[in-house]
Amino acid sequence: MQAKKRYLTLFSAGACLILVFCFGGIQVPLARGPGRRDDRGVAGHRPGARWRHFPGSLQPFRRWEQDWSDDPDEHASPRGNRDANSGLYGGKRCRMDSCFNFTLCEKNGFKVYVYPQQKGEKMSESYQNILSSIEGSMFYTPDPGQACLFVLSLDTLDRDQLSPQYVHNLKAKVQSLHQWNGGRNHIIFNLYSGTWPDYTEDLGLDIGLAMLAKASISTENFRPGFDVSIPLFSKEHPRTGGERGYLKHNTIPPYRKYVLVFKGKRYLTGIGSDTRNALYHVHNSEDVVLLTTCKHGKDWQKHKDARCDRDNAEYDKYDYREMLYNSTFCLVPRGRRLGSFRFLEALQAACVPVMLSNGWELPFSEIIDWNTAAVIGDERLLLQIPSTVRSIHQDKILSLRHQTQFLWEAYFNSVEKIVLTTLEIIQDRVLRHTSRSNLMWNSLPGGLFTLPQYSTYLGDFPFYYAKLGVKPYTKFTAIVHVVSPLVSQSQPVMKLLVAVAKSQYCAQVIVVWNCDKPLPAKHRWPVTSVPVIVIEGENKVISSRFLPYDTIPTDAVLSLDEDTVLSTTEVDFAFTVWLSFPDRIVGYPARSHFWDGSKERWGYTSKWTNDYSMVLTGAAIYHKYYHYLYTTYLPASLKSMVDQMSNCEDILMNFLVSSVSKLPPIKVTQKKQYKETMMGQVRQNICAATLVDYTLCLLGIIGGTI
């Protein structure tokens, strides 16, 4: 009995001691090393406080960036302290709602400002290409007061301290920028971060609340809906234009000489070495050819292993381009960083990428469904990769290869495409009510050509009728371009108006009056069964015939010159053909462009041949969306050239439509040969060669596209 009392007394005393300890009655001194700070205690204790403070009511809500900017010593997490000192993790919890000021975009829309380049600051060619692409886009504004997004003129692409492109003292330079504001509404472009041996993703500066457009970014550090993952591209990557993909035909069956290939460096030690060191296990020298070499770096021979000589000899036997173009799948293992040049090379070659880079946030992952264009592997399951790719059905392979070509040409084949895709993604976040759908981004013609400012309904675009199971409206609007005064009722334009208005498919006629003479009185125009609307051309320039007039109620536009001669039945026939091909130009007069080897430039001919590459808009039908693209998408320099020459606008429209649709125009025949005045032929042939050459360069259209 006495023993029980003693145990009960000891238990009660121990419980009281524990309670006193927990509520701060007893303080345990912290062991300190030299210089260690002691201004924070255990479990939230503050110096000088004997009892934990429990607030009587909930604290008012504070934006998290206010918490982030508070004294970091209040947070006891070692990782949090480490992250707070890193430029990459400073705003790790950033999202658009918390770190982006939407009010800057309300007045002027989504406009982008590029800081003026500072004297004496070096800039790589790649970063100059990025800035030039922004400054040449429809988003650019030279006025920071109108900007929604800001881009640094300081080169942030290469943040490897061992690189000659590394910009020193970048942190201080960025902080001194007048509009920096902690990084809010800024975007930082980066290709390389970290250095030997760890290659961390730290940029060496405090990015604050800025967004990152970064290559080789990990899913751990990627901030969804805020950052943008971009591809790693080389300094030779073209600024504009860009090459087409290498899948020229529907190759069926889709198998090539090799099943799976890779050729690249082998890292003997360090980060990124595990996967590449193991590739020899699945290499068979037949249809699975995975080649690595140790011959890179200045002192590679000091570190080579027993396999290096054999690997180097095997490596030299194969031509990389030949392997790339003749393989069904291309392995894309990580390098020192998560991204690799092999990724874009595989896309262009229509070689289905097999990704082996665990934790890599794939480029433009926010909008692109990579399961339709790549095989996502696991580095830990390398030995299963050959059997996995062999099991993929040939129909799936063909689909994957076609999607690689679409994605390459839509978003990756030039620096300009990469930059514009990045900006369009951010614009969709800012203007959420007009953002693009997943289908727009992942099917022809792609997100850069389906502008949400025009419409967010798929049925308003000519590219999605088949997918939606709908057809375009079975009426057209005729737009007649007039540059000559009305002097007689027997003029060709008067006969043309009557013939077109009699068409069973005609909804209305719009006359674009680009003549220097005043508009004729209403009674001068012929009486027709459909409305005839006369609009005075904007600034009397020839491009005004392609303006997206609100008075066009139909999907189809019949574009006509004033001297065109067509019968009603010919108009009806052309329109019925167009109903089957609503994304193309369908019309009568055909022309050709060709490469002139003697002059080493593109040429243009109006001669009648068995080949043609364009249909003139003097008598052609197309979707009215192309008016919107012509006005808002085309570079201003191209439209200015056309307006100055007052000719060749039809050539520019043809190149635009073919660049968007990746399809040629369709020529229909007529009972009578289409006639063009001799003066019109001479003027057009003079300007055409120059315009064709310039347009092909800017739009990146290679011979044979149209």
Side-chain angles (χ1 to χ4, degrees), residues 102 105-106 108-111 137-139 148 364 366-369 406 410-411 417 420-421 423-479 505 507-508 510 533 535 538 543-559 575 578-586 617 620-635 639 653 656-663:
F102 289 87
C105 314
E106 291 176 355
N108 301 297
F110 186 73
K111 293 296 181 181
S137 73
M138 61 182 177
F139 301 115
C148 169
F364 302 140
E366 183 174 340
I367 59 167
I368 294 178
D369 181 5
F406 158 65
Y411 308 120
K417 292 271 184 73
L420 291 180
T421 303
L423 297 181
E424 292 282 4
I425 289 172
I426 299 173
Q427 180 184 230
D428 275 6
R429 297 172 184 168
V430 173
L431 308 176
R432 296 172 184 172
H433 60 288
T434 58
S435 60
R436 299 165 181 81
S437 67
N438 183 270
L439 179 61
M440 289 179 174
W441 285 112
N442 288 277
S443 60
L444 281 168
L448 298 186
F449 285 127
T450 48
L451 304 183
Q453 296 87 348
Y454 174 77
S455 177
T456 56
Y457 172 55
L458 293 175
D460 287 337
F461 297 91
F463 322 111
Y464 308 113
Y465 290 135
K467 291 182 175 67
L468 297 175
V470 299
K471 295 181 179 181
Y473 182 46
T474 55
K475 295 282 186 178
F476 67 80
T477 298
I479 298 182
Y505 303 112
Q508 69 175 19
I510 296 176
I533 303 172
I535 299 176
E538 185 176 300
S543 291
S544 62
R545 69 184 300 176
F546 295 141
L547 287 174
Y549 295 108
D550 293 334
T551 50
I552 303 176
T554 60
D555 295 326
V557 170
L558 171 61
S559 177
F575 181 69
W578 178 86
L579 288 173
S580 299
F581 305 96
D583 52 349
R584 306 201 204 184
I585 294 179
V586 176
T617 55
I621 303 175
Y622 48 81
H623 197 280
K624 69 175 180 180
Y625 177 58
Y626 293 121
H627 275 210
Y628 186 82
L629 280 181
Y630 186 99
T631 303
T632 61
Y633 177 82
L634 280 178
K639 291 182 288 185
M653 177 61 86
L656 171 65
V657 175
S658 291
S659 178
V660 173
S661 67
K662 302 295 186 292
L663 295 169

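All values below were derived from every heavy atom in this structure, side-chain atoms included, with hydrogens, water molecules and symmetry-related copies excluded.
- Using modelled atom types and a 3.5 Å distance limit, the side chains of Arg584 and Ser661 yield no donor-acceptor pair.
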In a table with atom names and distances, give each donor-acceptor pair under 3.5 Å that connects a side chain of residues 437-451 to protein atoms at least two apart or in another chain.
unit_1, atom_1, unit_2, atom_2, d
Ser437, OG, Met440, N, 3.3
Asn438, OD1, Asn442, ND2, 3.4
Asn442, OD1, Asp369, N, 2.9
Asn442, ND2, Ile367, O, 2.8
Asn442, ND2, Asn438, O, 2.9
Ser443, OG, Leu439, O, 2.5
Thr450, OG1, Gly446, O, 3.0

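- Atom OG of residue Ser559 and atom CD1 of residue Ile621 lie 10.0 Å apart, to the nearest 0.5 angstrom.
- Taking every heavy atom of both residues into account, Ala620 and Ile585 meet most closely at CB-CG2, 3.8 Å.
- Pairs passing the side-chain hydrogen bond (donor to acceptor under 3.5 Å, both in side chains) check and including a residue from residues 423-432, sequence neighbours excluded, read Asp97-Arg432, Glu366-Arg429, Glu424-Gln427, Glu424-Arg436, Gln427-Gln453, Asp428-Arg436.
- In this structure, Leu656 and Tyr633 have side chains that are in contact, with non-hydrogen atoms separated by less than 4.5 Å.
- A 4.5 Å side-chain heavy-atom check between Thr632 and Tyr454 finds every atom pair outside the cut-off.
- With sequence neighbours left out, the side-chain hydrogen bond (donor to acceptor under 3.5 Å, both in side chains) criterion links Ser544 to Asn514.
- The aromatic rings of Phe463 and Phe461 sit parallel, their planes meeting at an angle under 30°, below the 60° perpendicular limit.
- Put simply, the side chain of Asp583 reaches to within 4.5 Å of the side chain of Tyr626, judged on heavy atoms.
- Listed by chain and residue number, Ser455 satisfy the side-chain hydrogen bond (donor to acceptor under 3.5 Å, both in side chains) test with Asp460 (two or more places apart in sequence, or in another chain).
- Ring geometry, Phe110 versus Phe139: the interplanar angle exceeds 60°, so the pair is classed perpendicular (tilted spans 30 to 60°).
- Counting heavy atoms from C-beta on, the side chains of His627 and Tyr622 come closer than 4.5 Å.
- Considering only heavy atoms from C-beta on, Leu579 comes within 4.5 Å of Pro472 through its side chain.
- Ring geometry for Tyr505 against Phe575 counts as tilted: the plane angle lies between 30° and 60°, on a 0 to 90° scale.
- You'll find the side chain of Lys624 stays beyond 4.5 Å of the side chain of Tyr549, heavy atoms only.
- For residues 467-477, the side-chain hydrogen bond (donor to acceptor under 3.5 Å, both in side chains) pairs, not counting sequence neighbours, are Thr477-Thr554.
- The two residues Lys639 and Leu634 make their nearest non-hydrogen contact at CE-O, 3.7 Å.
- The salt bridge (Lys or Arg N to Asp or Glu O under 4.0 Å) contacts involving residues 442-455 comprise nothing, where partners must be two or more places apart or lie in separate chains.
- Looking only at side-chain heavy atoms (C-beta outward), His623 and Trp578 come within less than 4.5 Å of each other.
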